[in-house]
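Basis for what follows: all heavy atoms, side chains included, without hydrogens, waters or symmetry-related copies. Position 1 is the first residue of the sequence, and the numbers go up from there.
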Amino acid sequence: MKMITAIVNKKDANEVCFALTDNHFEFTKLATTGGFLRAGNTTLLIGVEDEKLDEVLDLIRKNCAKRMERVPAVPATEMAPLVYHSTPAEVMVGGAIVFVTDVCHFEKM
């Protein structure tokens with residue numbers, strides 16, 4: 001058995017969740033925040049049998065779109081909440097970061 005931890009952009013999260021549900025995969029959905037852009041993400045915890053791993057990864061891959069997004073060149077921080085450069089920077093957002101780990105023991109109670 002594998003544990004998939006998928007960090008998905010919040011704009012892609014609904015599509016990924018619908019695809020997983022439509023294909024009868026159970027998951028736990030957590031609201032998270034990324035460190036780089038301090039933007040909202042969704043982290044999915046998905047337990048899956050080894051033979052279904054590729055199917056789940058394919059569903060995630062097909063439902064996450066990478067795209068360019070304009071963000072302030074210097075984002076606000078707690079120490080300087082109103083500091084912004086006037087020229088926004090373009091960065092790649094979307095897609096997913098996926099970790100797959102082996103599960104030694106699984107028990108549904």
**Asked** Nearest heavy-atom pair of A13 and T42: which atoms, and what distance?
**Response** CB-OG1, 3.4 Å

**Item:** Results of salt bridge (charged side-chain N to carboxylate O under 4.0 Å, His left out) for E49 - residues two or more places apart only
**Value:** none

**Prompt:** Apart from V98 itself, which Ile, Leu, Val, Met, Phe, Trp or Tyr residues share its cluster (side-chain heavy atoms under 4.5 Å, direct or through members)?
**Reply:**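 I4, V8, V16, L20, F25, F27, L44, I46, V48, L53, V56, L57, L59, I60, V100, listed by chain and number.
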
**Request:** Under 4.5 Å between side-chain heavy atoms, chaining through other members, with only Ile, Leu, Val, Met, Phe, Trp and Tyr counted: pull out the rest of the cluster around I97, sorted by chain and number.
**Result:**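 ILVMFWY cluster around I97 also holds I7, F99.
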
Using the side-chain hydrogen bond (donor to acceptor under 3.5 Å, both in side chains) criterion, which residues pair with [X]? Sequence neighbours excluded.
X: E26; answer: K108
X: K29; answer: none
X: N14; answer: none
X: D50; answer: none

**Message:** Can you pull out every side chain to side chain donor-acceptor pair (under 3.5 Å) where at least one residue sits in residues 52-64? Sequence neighbours excluded, please.
**Reply:** D58-K62

**Asked** Can you pull the side chain to side chain donor-acceptor pair (under 3.5 Å) pairs that have at least one residue in residues 96-106, sequence neighbours excluded?
**Response** K2-D102, H105-E107

**Request:** Quick one: pull up SG in C104 and CE in M1 and give me the separation to the nearest 0.5 Å.
**Result:**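 Interatomic distance, C104 SG to M1 CE, rounded to 0.5 Å: 12.5 Å.
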
**Message:** List the residues meeting side chain to side chain contact (heavy atoms under 4.5 Å, CB included) with T28, not counting sequence neighbours, and say none if there are none.
**Reply:**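 T28: side chain to side chain contact (heavy atoms under 4.5 Å, CB included) contacts with L30, L45.
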
**Item:** side chain to side chain contact (heavy atoms under 4.5 Å, CB included) evaluation trace for T43 with T5
**Value:** CA-CA 7 Å; T43 299; T5 304; 3.9 Å; yes

